[in-house]
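In what follows, a single structure is set out as structure tokens and then discussed.
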Amino acid sequence: MTVKEILHVLKADNSEALFAQAREIRNSVFGNEVFQRGVVEFSNRCRKNCHYCGLRCCNGQVERYSLDADSILSAARCAIDAGLGTVVLQSGDDKSLDPGFIGKIVQSIKAYADVSVTLCLGDHDRDTYKYWRDCGADRYLLKMETFNSELHARLRPGQSVSERLARLETLCSLGYEAGSGLITGLPGMTPEILAEDLWRLSLLPLDMIAVGPFIPHPDTPLGRFWAGSLEETLRATSLVRIMNSKVNIPATSALDALVANGREQGLEAGANVVMPSVTPESVRSEYSIYPGKNSSVDSVLKNVVQMQRRLKIAGFHPSSTRGQSPLRTTKDKECTHA
Ligand code: 5AD
Ligand code: SF4
């Protein structure tokens, strides 16, 4: 699709035909299987100051925490025992993070079970990414948020689109299954910018593409802006599916922050992955990227079982596989970007 065609779809009167087309493609590739990733948010420390995010370093309202190895591993084991085929280790962009600490955790998880391990730890140098890959990490998530240089630089001080793209290319060249994504409805983002973002995202050799709505956090500079639109986010999800039939697309938890059945609506619009938090309940609410994130106070197991129940009620099958994108086997995208 061209940027003009994408924009036309984003602005159309009706979404039903779009959602149905995306669903049909999702069903033809994945059936009614939904891949499950358990996310261990092990540290909320961050050196960055992104204007939209509650974990930004200037937010003094957050109680900062870092979990020890035992707590991380027991959360990971709980997710694996509940049938989740991927563990995601996520933190803010924590400058005190010891690469060796992460490396050992990755090795321990891989020794415990035949699962995929995804890292979502922000910006690090090539040697560190390579070391973690050598320790057995399979995937890395690094979201672009927006490709619009001006908006990116304004909302992510000190960071740039070109630098982010170069990191994604590094990750890809190291053999990671790379994931990226966008936030829809960021203050200053127009439908024209979103259309271009969706187009550029689809040119990249990604295994996972996430699209989530902006949720205003009161303790950030963007706290008084409107949230992103559910409708626009779902349309963007469908467009991603139509342009990238085999890619893994999560029904993001930010959708649930907009409406109670947000994730189900994401799956109905073409998504095929859920990423429940398996962060220990003692710190879960402190991973407060936006309000409503991690509002559940249930135990890790209860949280996962609750997600699986939701999937079944909506007619989906919670898959216990690693949930690798079929792109991996067909290799129909080269590892370079425009
Ligand atoms: N609304 C929605 N998503 C957000 N993120 C951070 N802040 C917000 C917000 N206010 C997402 C970004 C980031 C991830 C950690 O959380 O996509 O990559
Ligand atoms: Fe830190 Fe990520 Fe939040 Fe930016 S979006 S402040 S890098 S946790």
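What you see below is based on every heavy atom in this structure, not just the backbone, and it leaves out hydrogens, waters and symmetry mates. Indexing begins at 1, ligand by ligand and atom by atom, following the structure's order.
- Of all the heavy atoms of Thr220, none lies under 4.0 Å from any atom of ligand 1, so neither backbone nor side chain is involved.
- Using modelled atom types, one finds no donor on one side chain facing an acceptor on the other under 3.5 Å when comparing Arg164 with Ser180.
- Nearest protein neighbour of atom 1 (N) of ligand 1, counting heavy atoms only, is Ile215 N, 2.9 Å.
- Of the heavy atoms in Tyr290, only side-chain atoms (C-beta onward) come closer than 4.0 Å to ligand 1.
- Heavy atoms from both the backbone and the side chain of Cys50 come within less than 4.0 Å of ligand 2.
- Here the shortest heavy-atom distance to atom 13 (C) of ligand 1, taken over Glu145, Met144, His51, Lys143, belongs to Glu145.
- Ligand 1 has a nitrogen or oxygen under 3.5 angstrom from a nitrogen or oxygen of Tyr52.
- Remark: His317 NE2 is packed, more than 12 non-hydrogen atoms of other residues, nucleotides or ligands lying under 6.0 Å away.
- Each of the atoms 1 (N), 2 (C), 10 (N) of ligand 1 lies under 4.0 Å from some heavy atom of Phe214.
- The number of heavy atoms from other shown groups lying within 6.0 Å of CD (Glu163) is above 12.
- Summary of contacts: the protein heavy atom closest to atom 1 (Fe) of ligand 2 is Cys46 SG, 2.2 Å.
- Surrounding NZ of Lys130 are at most 12 heavy atoms belonging to other residues, nucleotides or ligands under 6.0 Å away.
- A salt bridge does not link Arg47 with Asp123: none of the charged nitrogens is closer than 4.0 Å to a carboxylate oxygen.
- Heavy-atom proximity to Pro213, at under 4.0 Å, picks out these atoms of ligand 1: 1 (N), 2 (C).
- Between the side chains of Ser253 and Tyr290, at least one donor N or O sits under 3.5 Å from an acceptor N or O.
- For atom 8 (C) of ligand 1, the closest heavy atom belonging to the protein is Ile289 CG2, 3.5 Å.
- Near Arg56, the atoms of ligand 2 lying under 4.0 angstrom from a non-hydrogen atom of the residue are 6 (S).
- Comment: Arg284 does not engage Glu41 in a salt bridge, judged by the lack of any side-chain N to carboxylate O separation of less than 4.0 angstrom.
- Protein heavy atom at the shortest distance from atom 3 (Fe) of ligand 2 is Cys53 SG, 2.3 Å.
- Residues Tyr140 and Arg133 have side chains that never bring a donor and an acceptor to within less than 3.5 angstrom of each other.
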